[in-house]
Peer 1: 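Have a look at this one before I ask anything.
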Amino acid sequence: MAAFRVIKRDEPWRGGALVIVLGALAFSLSAAILMLAAQGKSPLQGALVLWQGTFGHLFALEDALRKAVPIFLCSLGVAVAFRMQVWNIGAEGQFALGAMAATWAALSFPALPKPLLLPLMFLAALAAGGLWAFIPAWLKLRFKVSEIITTLMLNYIAILLLDYLVFGVWKDPSSFGFPMTPEFSPNAILGPIGGTRLHWGLAVCAVAGVGFWAFFRFTILGYELKAGGEGARVARYAGLRYGFLVAFVMAVSGALSGLAGCVETSAALGRLQPSIMTGYGYTAIVVAWLARLEPLPIALASFLLALLRVGVENLQLEMQVPAAYGSIMEGLILLTVLAGQFFQTYRLERRRGE
Amino acid sequence: MDWEIIVALLAAAVQSGTPVLYATLGEMLSEKGGVLNLGVEGMMSVAALAAFLTAFLTGSPWLGFLAGGLAGACLASLHALVCIRFLGNQVVSGLALTILGLGLTHFFGTPYIGLAAPGFSKFALPGLGDLPGLGPVLFRQDALVYLSYVLPFVFWLVMRRTSLGMAITATGEMPAAAAAAGLKPLRLRALSAVGGGFLVGLGGAYLSLAYTHLWTNGLSAGRGWIAVALVIFAFWRPGRAVAGAYLFGGVMAFQLRLQATGTNLPSSLLLMLPYALTVIVLVLSAWRGHGTDAPAALGVNIEPEG
């Protein structure tokens, strides 16, 4: 017999969420740092370099804020869908579509004045991301095909489409064969804030975040979405338009990721190139789940995981650790948090001698 | 196209379908017990590396093959721990496993890129290899392909004709009833999930030991996800998994050959074929209304009592 008995708590463990997330972070960080030893590198030095890379200087914090922008937007998108138990795993592809649509606008109308061109890029990206996500929604509603796999397959297809464009029709003739588009005209650039390296994508995040919160807090549709998360049958009994809701959340979800793609090309890169695909869409899923699909925690977790990416870049530079190290940590964090959440609803009790 | 090209293409289809077949059967076993594992992509990838490294260090491809299976089983037990013991969400845990697995592969595999390990080479089965048509396609392959011919049948036999198989099926359909009948659903689930992980790992091992003998990153290239989709396409039946896997193998082989012959079509568009086909295949199988053949308790965790 096991030494412990599982008992359901009478009410959820208050404050447990924070304890669990912190515990999971501590556990995963230590496990990941120990992993350096398996590669013959000093874990102690690794921890030090990681720390210096993240909190060592202001530059790193700026960098983290820049990286947090696409993660935050994608994660909001993922959260909209997850709130209705619709598994949109396609943020990565929707992000790519947004980036491509914004690039299309920027390359097609370079002479358009900024107040016209930027909105056009944003609209194109929102529409492209939304439509790309609408495909799996339609397949789910019309043919009952699981959106998990279709959104994923569309990720692969979107990335290949991006490759096709930057290696082909959009390639800069003066790029010495590198797969990248020409630099955007200044009118297509979402500029930096003041004299910092931060850009106005942060403002886009603020608007999107507040919009997300207000939508679920104040609108009937937002309320219906929460109720719709109980599943198709319950939703129909409650008189909700389940099909409409699914299509709606997927489109909004995709549009937000598309927006992230637009901001990233326009503000961070100033052109389109394959290096834009660094797995923000998958990190966004980790973030959304850590943050329990709430906007403020999503902002926090986005910053935290962006910080982690910056720290790993430092590790890469100083200790030749592959960038994939970051995904090991992300995976570990997510797994431990998932396991830890058990203790919010259950507690263990030592068995008396029987 | 002349006859010889068609035969070569079909033989290549069988070969490139084989890793997918192992992985599909693995995921099917896991799902039969009620555990949805979306970590297949990560598991195959880690298994490919574990198999490569083992074969590289010991010189024995068979030990490598075993190591691949064990690596898959290890990651699957992580999934089982999170979902079965700690009631974590199966969809999210599987995704986390894939993220972790791909990370581990790149982290530990990067120093070995370009190195070669002993693997499995093709040989003709005496007698059968000379059969007209069938011989060159089916019986001039490597040992792991021959093993995979028997596997679906064994899978079917175990699930349908043994009490263990039926107990696993019962756990996937109605864990409460299984428990009432005196079975141990938690243990059976863990068994099917870990056993499934082992099979998925064998599929991953095939990639580095037989498909290529060289190590490169990104060997799985979406095959894990295709395997998850094929379980649905196969209506949770091993026989149909064979058809599905070879169909995909065929498309992958066709696409590679088309690239090699220097077509005007850009390679990125050709590379889309398997992923697009996955979506089409899912739509077709849903059309026939077999999506409902899924084990009834698939993805639903068993709450502890008392």
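These numbers come from the heavy atoms of this one structure, side chains and all, not from hydrogens, waters or symmetry mates. Only a predicted model underlies this, so the values are computations on that prediction, with no experimental measurement involved. Here is how names work: the chains are called A, B, and so on, in the same order as the sequence lines, proteins then strands, and each is numbered from 1.
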Peer 1: At a heavy-atom separation under 4.5 Å, does P274(B) approach chain A through its side chain, its backbone, both, or neither?
Peer 2: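 Neither the backbone nor the side chain of P274(B) comes within 4.5 Å of chain A.
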Peer 1: For the OG1 atom of T345(A) and the CG atom of L87(B), what is their distance to the nearest 0.5 Å?
Peer 2: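 That separation rounds to 7.0 Å.
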Peer 1: Quick one: CE on M153(A) to OG1 on T278(B), what's the gap to the nearest 0.5 Å?
Peer 2: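 The CE atom of M153(A) sits 4.5 Å away from the OG1 atom of T278(B).
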Peer 1: May I ask you to name which of A38(A), P136(A), S327(A), G326(A) has the most heavy-atom pairs under 4.5 Å with chain B?
Peer 2: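 Heavy-atom pairs under 4.5 Å are most numerous for S327(A).
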Peer 1: What closest approach, in Å, do M35(A) and L104(B) show between heavy atoms, and which atom pair accounts for it?
Peer 2: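 Looking at all heavy atoms of both residues, the closest pair is SD-CD2, 3.7 Å.
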Peer 1: Using every non-hydrogen atom in the two residues, find where F143(A) and A286(B) come nearest and quote the distance to one decimal.
Peer 2: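 So the minimum-distance heavy-atom pair works out to O-CB, 2.9 Å.
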Peer 1: Looking only at heavy atoms and a cut-off of under 4.5 Å, which of L154(A), D163(A), I157(A) has the most pairs with chain B?
Peer 2: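 The residue among L154(A), D163(A), I157(A) with the greatest pair count is I157(A).
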Peer 1: Heavy-atom cut-off 4.5 Å, strictly under: side chain, backbone, both or neither for L38(B) against chain A?
Peer 2: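 Only the side chain of L38(B) comes within 4.5 Å of chain A.
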Peer 1: Let me know if Q90(B) has heavy atoms under 4.5 Å from chain A in its side chain, its backbone, both or neither.
Peer 2: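 Q90(B) has no heavy atom closer than 4.5 Å to chain A.
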Peer 1: For the residue pair F107(B) and A324(A), what are the closest heavy atoms and their distance?
Peer 2: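 Closest pair (atom of F107(B), atom of A324(A), distance): N-CB, 4.1 Å.
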Peer 1: Set out, in order, the CA-CA distance, both residues' side-chain angles and the distance that settles side-chain contact (heavy atoms from CB on, under 4.5 Å) for L269(B) and L160(A), then state yes or no.
Peer 2: CA-CA 7 Å; L269(B) 295 187; L160(A) 288 165; over 6 Å; no
Peer 1: Search all heavy atoms of N89(B) against all heavy atoms of L338(A) and return the closest pair with its distance.
Peer 2: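 Taking N89(B) first and L338(A) second, the nearest heavy atoms are N-CD2, 3.9 Å.
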Peer 1: Taking side chain as everything from C-beta outward and backbone as N, CA, C, O, which of these in S93(B) sits under 4.5 Å from a heavy atom of chain A? Side chain, backbone, both or neither.
Peer 2: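 Both parts, backbone and side chain.
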Peer 1: If you count every heavy atom of other residues, nucleotides or ligands that lies below 6.0 Å from F27(A) atom CZ, does the total exceed 12?
Peer 2: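 For F27(A), atom CZ is not crowded (no more than 12 foreign heavy atoms under 6.0 Å).
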Peer 1: Checking L95(B) against chain A: side chain, backbone, both or neither under 4.5 Å from a heavy atom?
Peer 2: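 For L95(B), the contact with chain A is made by the side chain alone.
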Peer 1: Does any backbone or side-chain atom of V91(B) lie under 4.5 Å from a heavy atom of chain A? Answer side chain, backbone, both or neither.
Peer 2: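 Side chain of V91(B) only, per the 4.5 Å heavy-atom cut-off to chain A.
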Peer 1: Using 0.5 Å steps for rounding, measure from the CG atom of L335(A) to the CZ atom of F86(B).
Peer 2: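 Separation between the atoms: 12.0 Å.
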